[in-house]
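Below, chains carry the letters A, B, ... as their sequence lines are ordered, and counting in each starts from 1.
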Amino acid sequence: MKAIRIFSRNIANAVKSIFRNFSLSIASIICTTITLVIVSLAIIFSANVNNFTHDIENTLTIIAFIDKTATEDDINSIRSKILAIKNVKGDELIYKDKETIKEETMKNTEESSSLYSIMESWTEETNPLESEFIISVKNVEDLGKTAETLKNIDKVSNVKYSEDVVDNMIPLFNVVEKVTIVIIIGLIVVTTFLICNTIKLTIFARKNEIEIMRLVGTSNFTIKLPFVIEGLFLGMIGSLIPILATIWGYIFAFDKLEGHLFTNYIRMITPIPFVFYTSIALLIIGSLVGMFGSYITVRKYLKI
Amino acid sequence: MKFIDIKNCYKVYKNGVTAIADLSLSIEKGEFVFVTGASGCGKSTLVKLLYREEKPTKGQVMVGGINVAKLYNSRVYKLRRKLGIVFQDFKLLPKLTVYENVAFGLENLGLKSNIIKSRVIKALDRVGLKEKTRSFPNELSGGEQQRVCIARAIVNEPKLLICDEPTGNLDPKTSKEIIKVINSINKDMGTTVVMVTHDKDIVNSMKKRVITLENGVLTSDSKKGGYTADESHKNI
């Protein structure tokens with residue numbers, strides 16, 4: 001009961017203190033708001049780059065063409081050898097024989113075209129196409145290595161994959177993703193530093209209060225508590241505008257851009273529930289940074 | 001029964017200044033003691049040792065059974081809860097009302113609101129400020145502010161009341177009123193009082209024990225009262 005009374009009084013005191021030190025509270029809130037808006041933009045950017053990279057990664061496959069002389073047994077042997085490769089997604093392995101490929105190609109070709117009539121004239125014996133395995137991989141970065149392994153399988157005549165995308169785009173996206181994560185962490189550190197400084201001003205203005213608290217026999221924990229709660233409230237209030245801006249701004253941008261950025265290839269993340277997760281992240285960052293900033297600043301005045 | 005027991009105490013500051021040198025004295029429970037001496041003689045250091053704002057460099061300082069020298073910073077509050085402290089500059093919080101200033105310490109002890117209210121009203125009644133509970137410190141005179149400070153010091157019914165030049169900023173008439181309040185607390189509540197002062201008239205009129213310090217050394221301990229400090233070299 002005693003602890004509940006102390007806690008509830010401190011909550012009331014923290015609210016009172018925000019209003020009694022109104023100008024400094026506003027300074028802390030604005031500082032939190034500005035930095036969290038930047039953090040929000042960085043999160044949105046990073047998440048969309050990440051999403052786009054995954055989209056591309058999911059479309060990347062290897063095609064292994066099978067030698068025309070391969071028998072049914074050879075194909076089964078190739079299948080089991082492919083499945084034995086660690087990087088291969090076994091449940092997504094597709095086999096297409098040359099007749100299926102011919103039929104699929106004809107479906108996508110105009111009947112009036114010469115290619116259609118040529119293909120139509122092919123019999124199972126004269127069909128020059130090669131049967132193929134379409135292979136999805138677990139780790140796209142090792143796509144090249146997997147392709148090399150596939151080439152060495154007996155009766156595999158050729159192996160094809162999007163070398164350009166794998167060699168250039170994927171490493172680039174990985175770098176972009178890592179850089180944005182570093183930027184987000186950097187921004188959180190900067191926010192903490194800025195909030196600490198603002199709270200330092202607030203606490204410096206109230207060092208008499210802390211001194212008197214110590215003189216009247218208040219324990220260090222009880223002295224810290226209202227400041228930490230105040231920091232929590234300031235952080236939470238400071239994250240309100242960034243949260244609203246994120247929800248409204250992202251949904252607005254998504255609608256305006258029709259879910260695509262620059263080209264149809266770059267799909268944006270669907271707003272719901274993405275904006276809510278981002279909002280929760282902003283609320284948590286704001287609250288924790290406010291609490292942490294208050295805690296480390298008030299410690300300096302406590303001679304602990 | 002000894003409430004304060006100081007034995008061979010030294011306090012040397014980091015800059016090499018010796019504020020207290022080989023001080024030994026004891027103060028009984030319920031005693032009223034004046035500490036006098038010229039500026040820089042170690043009076044304030046002595047009271048700071050009592051409420052553990054400073055730690056002795058050497059020797060022993062026992063206050064209410066607590067060894068101040070061995071008290072960790074995180075445990076200081078346990079000592080302070082047994083004490084009431086009154087300062088020359090009041091140290092009131094300007095944004096809190098008289099009631100809130102006095103209730104300040106009690107609220108952090110987790111007491112029930114009705115107990116806090118009755119104690120605060122009782123303390124304010126004792127110092128004659130029951131009618132000013134809703135006023136802010138800047139709406140009060142110097143004497144009234146000092147009385148709020150005394151009410152805050154006694155609200156927790158401390159065993160020891162430490163007064164560091166409580167009348168230093170007040171005119172003679174108001175000073176007498178303040179001393180009267182402190183004296184009544186000593187008599188009625190049995191609170192031990194240690195008061196640092198320069199005021200000859202107050203010391204002489206009270207006929208209480210007077211401890212005089214000079215360069216950190218105890219030069220006189222008069223049980224019969226009377227101002228004995230030589231302030232001819234006092235820095236003004």
Side-chain angles (χ1 to χ4, degrees), chain A residues 1-28 201-230 233-234 294-296 298-304, chain B residues 47-48 50-55 64 66 71-87 89-97 100-116 123 136-137 148-149 151-160 162 164:
Chain A
M1 275 309 283
K2 202 172 150 184
I4 294 169
R5 269 200 295 273
I6 291 177
F7 194 71
S8 56
R9 263 182 206 136
N10 276 310
I11 289 176
N13 285 342
V15 175
K16 262 190 218 172
S17 175
I18 288 172
F19 288 101
R20 281 180 171 160
N21 303 285
F22 195 69
S23 54
L24 284 168
S25 301
I26 290 290
S28 293
L201 283 173
T202 321
I203 290 175
F204 185 76
R206 293 161 64 187
K207 69 181 197 307
N208 284 342
E209 199 176 319
I210 295 176
E211 190 192 349
I212 294 165
M213 279 174 133
R214 291 181 67 234
L215 288 171
V216 297
T218 311
S219 68
N220 285 341
F221 173 77
T222 320
I223 293 174
K224 274 182 267 175
L225 196 59
F227 286 100
V228 173
I229 294 173
E230 199 179 323
F233 285 164
L234 291 177
S294 289
Y295 179 79
I296 55 172
V298 83
R299 259 179 77 94
K300 289 183 186 170
Y301 291 97
L302 286 176
K303 292 187 179 176
I304 296 171
Chain B
V47 292
K48 279 181 180 170
L50 296 181
Y51 64 85
R52 181 45 179 75
E53 188 64 18
E54 296 291 347
K55 260 182 169 180
I66 295 174
L71 196 61
Y72 289 110
N73 282 331
S74 58
R75 298 271 166 214
V76 169
Y77 73 93
K78 293 203 167 179
L79 169 75
R80 303 253 169 103
R81 284 180 186 177
K82 294 185 174 190
L83 314 176
I85 313 168
V86 179
F87 297 94
D89 58 354
F90 318 135
K91 293 199 194 300
L92 296 174
L93 292 167
K95 288 177 181 173
L96 300 190
T97 63
E100 288 169 332
N101 263 290
V102 178
F104 195 65
L106 295 180
E107 282 185 347
N108 292 317
L109 295 179
L111 297 175
K112 284 183 182 170
S113 298
N114 55 346
I115 296 174
I116 294 177
F136 284 90
V148 177
C149 186
R152 183 183 63 195
I154 62 166
V155 74
N156 200 23
E157 294 168 4
K159 303 274 184 288
L160 172 66
I162 296 171
D164 194 357

When Thr222(A), Ile4(A), Ile212(A) are compared by non-hydrogen pairs under 4.5 Å with chain B, the top option
Ile212(A)

May I ask you to decide whether Arg80(B) forms a salt bridge with Glu53(B), counting only side-chain N to carboxylate O separations under 4.0 Å?
yes

Sort Leu92(B) into side chain, backbone, both or neither according to what part of it lies under 4.5 angstrom from a heavy atom of chain A.
backbone

Does the side chain of Pro226(A) reach to within under 4.5 Å of the side chain of Met213(A), using non-hydrogen atoms?
yes

Non-hydrogen atoms of chain A under 4.5 Å away: do they reach the side chain of Leu79(B), the backbone, both or neither?
neither

Kindly confirm or rule out a cation-pi arrangement of Lys91(B) over Phe87(B), judged by NZ or CZ under 6.0 Å from the six-membered ring centre and within 45° of its axis?
yes

Relative to chain A, which of Lys78(B), Arg152(B), Lys112(B), Arg52(B) shows the most heavy atom pairs under 4.5 Å?
Lys112(B)

Pick from Val155(B), Leu106(B), Leu93(B), Asn156(B) with the largest number of heavy-atom pairs that fall under 4.5 Å of chain A:
Leu93(B)

Given Asn208(A), Leu215(A), Leu225(A), the one with more heavy-atom pairs under 4.5 angstrom with chain B than any other is Leu215(A)

Does the side chain to side chain contact (heavy atoms under 4.5 Å, CB included) test come out yes or no for Phe233(A) and Ile11(A), once each step is laid out?
CA-CA 9 Å; Phe233(A) 285 164; Ile11(A) 289 176; 4.0 Å; yes

Does the side chain of Lys82(B) reach to within under 4.5 Å of the side chain of Leu160(B), using non-hydrogen atoms?
no

